[in-house]
Amino acid sequence: MKNHDHELLSRAIQLARENVKEGGGPFGALITLDGKIIAESANQVIQNNDPTAHAEVETIRRASKVLNTFDLTGCTLYTSCEPCPMCLGAVYWSRISRVVYASNREDAARAGFRDAELYQEIILDPDKRSIPFVNLGLPDAGSEFEAWDQSEIRKDY
């Protein structure tokens with residue numbers, strides 16, 4: 001398994017390096033199920049003008065389409081860098097079972113990426129964050145969750 005991990009992680013790094021040559025960000029990722037690659041992608045933020053188009057998110061989207069499910073239990077994500085807070089959330093929402101990464105958040109910071117700032121913001125109370133978060137607490141707030149709870153299409157995710 002260890003050598004297979006190294007090969008797959010090397011592929012994620014290769015995707016990242018190829019993406020840089022093509023004018024994209026330095027991140028690559030792939031997802032496996034039962035040791036087989038089911039999806040891979042590189043960062044598409046610059047190409048798509050989409051701040052959410054990180055390699056991990058793009059790869060999760062592709063794997064979910066291939067498997068026709070949002071539940072990626074049993075899958076492994078190989079990524080060229082430790083997932084940022086957004087991608088970390090996507091990993092947990094998708095229920096990926098394992099993450100293997102090469103570079104870490106400090107490496108990303110040295111390259112000019114601000115993951116550390118985002119990790120610091122997440123732990124703050126919403127009213128203490130650098131971007132104002134305003135909770136208005138409207139009278140009908142929460143009714144959407146009641147509707148979901150009573151819906152025939154309700155699924156836990």
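When the side chains of ILVMFWY residues are joined at heavy-atom separations under 4.5 Å, either directly or via intervening members, Ile60 and Ile38 end up in a single hydrophobic cluster. By the criterion of side-chain heavy atoms lying less than 4.5 angstrom apart, applied directly or through intervening Ile, Leu, Val, Met, Phe, Trp or Tyr residues, Leu30 is grouped together with Val100 in one hydrophobic cluster. Neither Leu136 nor Phe145 shares a network with the other; the hydrophobic side chains, linked directly or stepwise wherever heavy atoms of I, L, V, M, F, W or Y lie under 4.5 Å apart, form separate groups for each. Follow the hydrophobic side-chain contacts under 4.5 Å out from Val134 and you never reach Ile131; the two are in separate clusters. If you chain together hydrophobic residues whose side chains sit under 4.5 Å apart, Val66 and Val91 fall into the same group.
Under the 3.5 Å distance criterion, the side-chain polar atoms of Asp140 are left unmatched by any main-chain donor or acceptor of Ser143. A donor-acceptor distance shorter than 3.5 angstrom exists from the side chain of Ser97 to the backbone of Gly74, with no hydrogens or angles considered. In this structure, the side chain of Thr59 engages the main chain of Ala55 through a donor-acceptor pair within 3.5 Å. With hydrogens and angles disregarded, a donor-acceptor distance shorter than 3.5 Å links the side chain of Ser64 to the backbone of Thr69. In this structure, Arg62 contributes its side chain and Glu40 its backbone to a donor-acceptor pair below 3.5 Å. When atom types are taken as modelled, the side chain of His4 and the backbone of Gly35 share a donor-acceptor pair closer than 3.5 angstrom. The closest donor-acceptor contact from the side chain of Asn19 to the backbone of Gly25 lies under 3.5 Å. Formation of a donor-acceptor pair under 3.5 Å by the Glu144 side chain with backbone atoms of Gly142 is found in this model.
At least one side-chain heavy atom of Asp5 sits under 4.5 Å from a side-chain heavy atom of Tyr78. Put simply, the side chain of Thr76 does not reach to within 4.5 Å of the side chain of Val99, judged on heavy atoms. Taking 4.5 Å as the limit, some side-chain heavy atom of Leu72 sits within range of a side-chain heavy atom of Leu67. Inter-residue side-chain proximity for Tyr119 and Cys84 is flagged as unmet; no heavy-atom pair is nearer than 4.5 Å. Side-chain contact between Gln44 and Asn48: present, with at least one pair of heavy atoms (C-beta onward) separated by less than 4.5 Å. Within the 4.5 Å cutoff, side-chain heavy atoms of Phe70 are placed close to those of Lys155.
Other residues, nucleotides and ligands contribute at most 12 non-hydrogen atoms within 6.0 Å of the CG atom of Asn135. Annotation for Trp148: atom CH2 counts as buried by contact number, over 12 foreign heavy atoms lying within 6.0 Å. Environment of CZ in Arg129: crowded, with over 12 heavy atoms of neighbouring residues, nucleotides or ligands closer than 6.0 Å.
We find that Asp125 and Lys128 are not joined by a salt bridge, their nearest charged nitrogen and carboxylate oxygen being 4.0 Å or further apart.
Between the SG atom of Cys75 and the CZ atom of Arg95 there is a distance of 13.0 Å, given to the nearest 0.5 Å. From Leu8, atom CG reaches atom NZ of Lys36 across 13.0 Å, with rounding to the nearest 0.5 Å. Taking SG of Cys87 as the start and CG of Asn43 as the end, the distance is 8.5 Å to the nearest 0.5 Å. In this structure, CD1 in Ile13 is found 6.5 Å from OG in Ser103, a value given to the nearest 0.5 Å. Taking CZ of Arg105 as the reference point, atom CZ of Arg114 lies at 15.5 Å (rounded to 0.5 Å).
The two residues Leu77 and Ala29 have their closest heavy-atom pair at CD1-CB, 4.0 Å. Gly23 approaches Ile46 most closely through the heavy-atom pair O-CG2, 3.7 Å. For the residue pair Ser80 and Ala16, the shortest heavy atom distance occurs at OG-CB, 3.8 Å. Taking all atoms of both residues into account, the shortest heavy-atom contact from Pro51 to Met86 is O-CE, 3.9 Å.
A donor and an acceptor atom, one from each side chain of Gln14 and Arg11, are located under 3.5 Å apart.
In this structure, the ring of Phe27 has its center no less than 6.0 angstrom from the ring center of Tyr101.
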Could you walk me through whether Gln150 and Glu146 pass side-chain hydrogen bond (donor to acceptor under 3.5 Å, both in side chains), step by step? CA-CA 6 Å; Gln150 297 168 7; Glu146 291 172 13; 5.5 Å; no
Please step through salt bridge (Lys or Arg N to Asp or Glu O under 4.0 Å) for the pair Arg61 and Glu58, ending with a clear verdict. CA-CA 5 Å; Arg61 289 174 178 155; Glu58 291 295 305; 2.7 Å; yes
